[in-house]
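Data block below; observations after.
Please read all numbers here as calculations on a predicted model, not as lab measurements. Computation of the quantities below employed the complete heavy-atom set of this structure, encompassing side-chain atoms and omitting hydrogens, waters and symmetry-equivalent molecules. Chain naming here is simple, since letters A, B, ... match the order of the sequence lines and numbering starts at 1 in each.
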Protein chains: 2
Amino acid sequence: MADQTPSGESLLFLTDEQVRKGIEAMFFAYRGFTADPDRILEGMDYGRAHHRAIHFIHRSPGTTVSNLLTILGVTKQSLNRVLRTLIEDGLVEARVGRRDKRERHLFLTAKGQELERELSDAQRARMRAAYRAAGPQAVAGFRQVLEAMMDPELRRQYQGLKESGA
Amino acid sequence: MADQTPSGESLLFLTDEQVRKGIEAMFFAYRGFTADPDRILEGMDYGRAHHRAIHFIHRSPGTTVSNLLTILGVTKQSLNRVLRTLIEDGLVEARVGRRDKRERHLFLTAKGQELERELSDAQRARMRAAYRAAGPQAVAGFRQVLEAMMDPELRRQYQGLKESGA
DNA sequence: TTGGAAAGTCAACAAGGCTGACGTAACTTC
DNA sequence: GAAGTTACGTCAGCCTTGTTGACTTTCCAA
């Protein structure tokens with residue numbers, strides 16, 4: 001007996017096999033997604049964690065350490081290790097807060113912006129190529145599914161970034 | 001002066017901001033993607049690496065160690081550490097090859113299939129919810145963009161899995 | 001003035017990557 | 001049949017990036 005649903009074959013995309021393929025697509029695509037920055041960073045003393053910090057400081061200049069902590073979802077000890085090397089190496093500047101002097105506001109230096117450029121140029125080139133290959137409709141769908149996959153709190157943070165960025 | 005391209009606003013999805021948002025969407029979505037299995041595995045002595053091995057052994061039963069090595073993109077030392085514990089704990093069985101006795105063919109035991117179920121049920125539930133929320137067209141676009149993001153060799157491997165799975 | 005939040009630091013540890021070197025069994029080739 | 005290659009396993013050591021716990025300093029606010 002075929003499983004006849006009201007909406008017919010429009011639910012075929014929900015079969016276990018289809019969903020499994022989606023899972024595998026995420027796995028392989030994420031490897032590609034990180035490959036270019038990883039290549040650039042290897043050899044430098046930096047890794048993916050440094051890239052993430054640089055990305056979000058670039059995205060929200062003046063953000064505080066605890067903001068960054070929330071966005072990245074790591075412990076402050078872990079972030080601090082990364083941040084310390086970036087500050088020592090002169091890629092990031094931490095300015096003491098004017099209103100609340102406990103806070104450190106983070107900015108990329110010229111040198112930091114240079115590395116950010118290099119990293120995001122590589123990553124954007126790949127994304128851009130994928131977008132171009134797939135077309136606008138596919139891109140809209142891509143974003144919709146990704147948003148739906150996020151945890152609610154992360155989605156809120158993501159959308160917060162969207163607003164400030166638009 | 002507005003940048004007027006022949007195809008007009010259909011290229012808006014290629015702006016730097018749009019591409020950056022896609023990058024951030026990948027970052028946050030991947031966190032959600034791995035969150036459920038991670039939660040299940042914490043406490044057990046296993047991690048994400050074990051999950052990946054289990055997934056692909058389930059997907060291609062009888063696969064060899066070197067096949068798995070290629071798919072996962074790690075060193076044999078790294079994979080071996082994971083595989084050893086899975087075999088010791090009776091989740092995976094390694095059968096000596098019949099034609100080539102140097103090869104080990106990997107299978108999930110009943111116990112291994114049980115854990116695979118548990119892990120993939122959780123992950124599939126999230127994917128399924130995301131798919132349902134976004135709709136069939138969005139899912140098609142999602143898959144198209146992800147495929148386009150992969151490295152060519154990885155895309156070939158992914159598509160190989162697709163065929164054997166369909 | 002006292003409590004608590006924000007930030008930083010030290011120490012110890014674990015997962016999971018990596019390289020290099022070596023061993024063994026089995027297959028392949030000369 | 002000897003020599004070389006392949007598949008796999010393993011030992012040892014290293015790195016990055018995450019974790020917890022304990023503690024200090026600084027500062028705001030009740």
Side-chain angles (χ1 to χ4, degrees), chain A residues 27 30-31 34-35 37-57 62-89 92-107, chain B residues 27 30-31 34-35 37-57 62-89 92-107:
Chain A
F27 173 70
Y30 200 77
R31 291 246 299 265
T34 56
D38 283 357
R39 239 188 309 278
I40 292 171
L41 290 164
E42 92 177 2
M44 308 198 202
D45 282 352
Y46 303 133
R48 221 175 269 183
H50 300 82
H51 180 196
R52 291 197 283 263
I54 288 173
H55 175 96
F56 285 107
I57 294 172
T63 190
T64 63
V65 172
S66 53
N67 275 343
L68 208 49
L69 241 33
T70 311
I71 287 175
L72 295 176
V74 298
T75 59
K76 66 175 173 174
Q77 293 90 332
S78 204
L79 175 58
N80 193 254
R81 179 168 35 201
V82 163
L83 234 35
R84 199 189 327 156
T85 68
L86 291 176
I87 291 171
E88 277 169 7
D89 296 352
V92 167
E93 190 192 350
R95 296 187 203 147
V96 172
R98 298 206 316 151
R99 298 183 48 173
D100 185 336
K101 295 180 187 167
R102 293 167 303 179
E103 292 180 343
R104 302 290 184 274
H105 298 276
L106 303 168
F107 300 87
Chain B
F27 172 70
Y30 199 78
R31 291 244 300 266
T34 56
D38 282 357
R39 239 188 310 276
I40 292 171
L41 289 164
E42 94 177 1
M44 308 197 199
D45 282 353
Y46 304 133
R48 221 174 270 183
H50 299 83
H51 181 196
R52 290 197 284 264
I54 288 174
H55 175 97
F56 284 107
I57 294 172
T63 190
T64 63
V65 172
S66 53
N67 275 343
L68 207 49
L69 241 34
T70 311
I71 286 175
L72 296 177
V74 297
T75 59
K76 67 174 173 173
Q77 293 92 328
S78 206
L79 176 58
N80 191 254
R81 178 168 37 197
V82 163
L83 232 35
R84 200 189 324 160
T85 70
L86 291 176
I87 291 171
E88 277 170 7
D89 297 352
V92 166
E93 191 191 349
R95 296 187 203 147
V96 171
R98 297 206 316 150
R99 297 183 48 173
D100 186 335
K101 294 181 187 170
R102 292 169 305 178
E103 293 180 338
R104 300 297 134 88
H105 298 277
L106 303 169
F107 299 87

Practice item. Just do the side chain to side chain contact (heavy atoms under 4.5 Å, CB included) check on A/Leu79 and A/Leu72 with the steps written out, would you? Key: CA-CA 9 Å; A/Leu79 175 58; A/Leu72 295 176; 3.9 Å; yes
Practice item. Start with the C-alpha distance between B/Val82 and B/Val74, add both sets of side-chain angles, then the distance that settles side chain to side chain contact (heavy atoms under 4.5 Å, CB included), and finish with yes or no. Key: CA-CA 11 Å; B/Val82 163; B/Val74 297; over 6 Å; no
Whole-Å gap separating [atom2] ([N]) and [atom1] ([X]):
{"X": "A/Ile87", "N": "C/dT9", "atom1": "CD1", "atom2": "C1'", "answer": "14 Å"}
{"X": "B/Arg52", "N": "C/dG16", "atom1": "CZ", "atom2": "P", "answer": "8 Å"}
{"X": "B/Leu83", "N": "C/dG16", "atom1": "CG", "atom2": "P", "answer": "13 Å"}
{"X": "B/His51", "N": "C/dA15", "atom1": "NE2", "atom2": "P", "answer": "18 Å"}
{"X": "A/Arg84", "N": "D/dT17", "atom1": "CZ", "atom2": "C1'", "answer": "13 Å"}
{"X": "A/Glu42", "N": "C/dG17", "atom1": "CD", "atom2": "P", "answer": "16 Å"}
{"X": "A/Asp45", "N": "D/dC14", "atom1": "CG", "atom2": "P", "answer": "17 Å"}

Review point. How about A/Asp38 and A/Arg48: do any of their side-chain heavy atoms sit closer than 4.5 Å?
Key: yes
**Study point:** Student check: side-chain heavy atoms of B/Thr34 and B/Leu41 closer than 4.5 Å
**Key:** no
Review point. Which pair of heavy atoms, one from B/His105 and one from B/Gly62, lies closest together, and at what distance?
Key: ND1-O, 2.8 Å
Point to revise | Smallest separation among heavy atoms of B/Thr63 and B/Leu68, with atom names | key: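 Heavy atoms of B/Thr63 and B/Leu68 come nearest at OG1-N, 4.3 Å.
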Review point. Do the rings of A/Phe27 and B/Phe56 sit parallel, tilted or perpendicular, given the 30° and 60° boundaries?
Key: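 It falls in the tilted class, 30° to 60°.
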Check your understanding: Between A/His50 and A/Tyr46, what is the ring plane arrangement, given parallel below 30°, perpendicular above 60°, and tilted in between?
Key -> tilted
Review point. Which of residues 95-103 of chain A have a heavy atom under 4.0 Å from DNA chain C?
Key: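 Heavy-atom contacts with DNA chain C come from A/Arg102, A/Glu103.
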Practice item. Check DNA chain C against residues 69-80 of chain B and give the residues with a non-hydrogen atom under 4.0 Å, in numerical order. Key: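 Nucleic-acid contacts, sorted: B/Gly73, B/Val74, B/Thr75, B/Gln77, B/Ser78.
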Review point. Think B/His50 has a side-chain N or O under 4.0 angstrom from the OP1 or OP2 of C/dA15?
Key: no
Point to revise | Distance test, side-chain N/O of A/Arg104 to OP1/OP2 of C/dG8, below 4.0 Å | key: yes
Check your understanding: Between D/dG18, D/dT10, C/dA6, which nucleotide has the shortest distance from any of its atoms to the side chain of A/Ala49?
Key ->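 Closest nucleotide among those given: D/dG18.
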Review point. Hey, does B/His105 reach any base, or is it just sugar-phosphate, or nothing, if we go heavy atoms under 4.0 Å?
Key: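 B/His105: no heavy atom of the nucleic acid under 4.0 Å.
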Exercise for review: With DNA chain D as reference, determine whether B/Asn67 or B/Arg81 sits nearer its 5' end, using the nearest nucleotide of each.
Suggested key: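 In this pair, the answer is B/Asn67.
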Exercise for review: Indicate yes or no for a side-chain donor-acceptor contact from A/Arg98 to the backbone of A/Val96 under 3.5 Å, with no hydrogens or angles considered.
Suggested key: no
